[in-house]
Amino acid sequence: NEAETLNVIQSKVFPSAFQSDVNLLICAPTGAGKTNVALMSILQVLSKYYDPLTNKLDTSQFKIVYIAPLKALVQEQVREFQRRLAYLGVRVEELTGDSSLNKHQISNTQILVSTPEKWDVITRKAGESFSHSELVRLIIIDEIHLLHDRRGPVIESIVARTFNSDVYSTSPRLVGLSATLPNYEDVAKFLRVPKEGLFYFDSSFRPCPLSQQFCGITEK
């Protein structure tokens, strides 16, 4: 069963994630509920195009991009978002090296879940393969600590392009989700995250604490 209340991390982040549209960097341990923080920022976008009088969501006015490092994670998030947002008529599609969408399919999709490499290629040719950049309101980058990984340059170019007016006429909101990392302030600066959008939660916030043991070894 899904929890009916927010956990400590989600409660602290809620005002910035759902009640504002500042860029965010959330550093928290695995299993701490970062996906629900991403969902809050998605719902924040949706709330702008939802008419409570007609109970309708204008799905033609926005696109949301969720970037995950592995194809398996992309597919998992597609299933998760489909399950949780289907009641609003939101369409979620996978965008990886193995799955290509034509322009009509992209046009009818509100949430694109992509690997970094695929989104990098698409936005590098904005206007050709992707003509909807002016509709992108939110880009969520999961596992953004991979900036330090061999795939870091791809994530760097995606972030840099987010602030490029030739690609996005209006800069989308950026939300970075990360494991705890020591130089989180440097990463926040790179993402143009203001003070109220930066959240760091150490290992004490793990839902299942890790125990550490030292094994003594006697040398002969």
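Just so you know, residue 1 is the first one in the sequence shown, and it goes up from there.
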With sequence neighbours left out, which residue pairs that include part of [range] fulfil the ring pair (Phe, Tyr, Trp, His ring centres under 6.0 Å) condition?
range: residues 5-34; answer: F14-F18
range: residues 89-118; answer: none
range: residues 24-78; answer: Y49-F62, Y66-F81

Look up atom [atom1] in [X] and atom [atom2] in [Y], then write down how far apart they are to the nearest 0.5 Å.
X: L25; Y: R192; atom1: CG; atom2: CZ; value: 15.5 Å
X: S41; Y: N23; atom1: OG; atom2: CG; value: 10.5 Å
X: S20; Y: E196; atom1: OG; atom2: CD; value: 7.0 Å
X: L198; Y: I26; atom1: CG; atom2: CD1; value: 8.0 Å
X: Q44; Y: I64; atom1: CD; atom2: CD1; value: 9.5 Å
X: L85; Y: L46; atom1: CG; atom2: CG; value: 6.5 Å

Could you pull out the closest heavy-atom pair between [X] and [Y], with the gap in Å?
X: T115; Y: P69; answer: CG2-O, 4.5 Å
X: Y200; Y: L181; answer: CE1-O, 3.5 Å
X: G176; Y: L191; answer: CA-CD1, 4.4 Å
X: C27; Y: Y184; answer: SG-CB, 3.7 Å

When you measure from the side chain of [X] to the backbone of [Y], do you find a donor-acceptor pair of N or O atoms at a distance under 3.5 Å?
X: T162; Y: I158; result: yes
X: S114; Y: L95; result: yes
X: S16; Y: G197; result: no
X: H145; Y: S178; result: no
X: Q110; Y: R91; result: yes
X: N36; Y: L39; result: no
X: Q10; Y: N7; result: yes
X: K63; Y: T109; result: yes

Y168 and T123: CA distance, side-chain angles, deciding distance, side-chain contact (heavy atoms from CB on, under 4.5 Å) verdict: CA-CA 9 Å; Y168 304 99; T123 50; 3.3 Å; yes
Joint hydrophobic cluster, V90 plus L43, side-chain heavy atoms closer than 4.5 Å: yes
Member of L138, V45, V136, L135 meeting the side chain to side chain contact (heavy atoms under 4.5 Å, CB included) criterion with P172: V136
Reference residue R173; test side chain to side chain contact (heavy atoms under 4.5 Å, CB included); the match among L24, I139, I140: L24
Side-chain heavy-atom pair [X], [Y] within 4.5 angstrom cut-off:
X: Q82; Y: I111; value: no
X: E94; Y: Q75; value: yes
X: V8; Y: F201; value: no

Intermediate values then yes/no, side-chain contact (heavy atoms from CB on, under 4.5 Å), L6 and M40: CA-CA 11 Å; L6 301 177; M40 285 180 204; 3.9 Å; yes
Where at least one partner belongs to residues 136-163, residue pairs that pass salt bridge (Lys or Arg N to Asp or Glu O under 4.0 Å), sequence neighbours excluded: E117-R151, D120-R161
Salt bridge (Lys or Arg N to Asp or Glu O under 4.0 Å) partners of residues 175-185, not counting sequence neighbours, each pair once: none
Hydrophobic cluster of L70, others only, ordered by chain and residue number, side-chain cut-off 4.5 Å: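 Same cluster as L70: L73.
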Carboxylate-amine/guanidinium proximity below 4.0 Å for R79 and E76: no
Intermediate values then yes/no, side-chain contact (heavy atoms from CB on, under 4.5 Å), F199 and V37: CA-CA 11 Å; F199 295 88; V37 173; over 6 Å; no
Derivation and outcome, side-chain contact (heavy atoms from CB on, under 4.5 Å), residues I155 and I141: CA-CA 8 Å; I155 298 173; I141 306 178; 4.2 Å; yes
